[in-house]
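Report on the following structure.
All residue numbers in this chain count up from 1 along the given sequence.
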Amino acid sequence: MPDKFSFNLAVREIARERKWTIKKTAWFCGVSISTLRQLMESKHTYISTIEKYAAKFNMTTIVFIQKGQPEITEENRQK
């Protein structure tokens with residue numbers, strides 16, 4: 001993976017695509033808002049958690065990971 005994975009970015013990207021709030025996203029995942037926010041704010045995410053949430057969103061783990069990677073722009077490459 002060229003960029004670091006961000007669980008926060010992945011969940012926000014999926015919520016944005018589906019036009020969901022964080023509250024609805026948490027409900028869909030079957031967790032409380034505080035649990036989802038804790039996962040999103042965590043610096044490290046276990047692969048089992050990534051696999052579990054990818055399945056909840058009905059997508060492959062690879063697609064979920066791709067959604068959690070920042071887009072590579074020319075500006076980001078120079079940093």
Would L9 and I47 show up in the same hydrophobic cluster when neighbours are defined by side-chain heavy atoms closer than 4.5 Å? no

Do K67 and E17 come within less than 4.5 Å of each other through their side chains, counting heavy atoms only? yes

S42 side-chain N/O to T45 backbone N/O, donor-acceptor pair under 3.5 Å: no

What I'd like to find out is whether the side chain of W27 reaches to under 4.5 Å of the side chain of L36, using heavy atoms alone. no

Minimal non-hydrogen separation, F57 against R18, with atom names: O-NH2, 2.9 Å

Rounded to the nearest 0.5 Å, what separates atom CD in E51 from atom OG1 in T61? 4.5 Å

Euclidean distance, I65 CD1 relative to S6 OG, rounded to 0.5 Å: 12.0 Å

Please state whether the rings of F5 and F64 are parallel, tilted or perpendicular, taking 30° and 60° as the class boundaries. tilted

Calculate, to the nearest 0.5 Å, the distance between atoms OG and CD belonging to S32 and Q38 respectively. 7.5 Å

Value for OG1 (T25) from NZ (K56), rounded to nearest 0.5 Å, stands at 12.0 Å

K4 and P70: which non-hydrogen atoms are nearest, and at how many Å? O-CD, 3.5 Å

Please say yes or no: joined through hydrophobic side-chain contacts below 4.5 Å, possibly via intermediate residues, are M59 and Y46 part of one cluster? no

Gap between atom OH of Y53 and atom CD1 of I14 - 0.5 Å precision: 11.5 Å

Rounding to 0.5 Å, atoms OG1 (T21) and CZ (R16) come to a distance of 13.5 Å

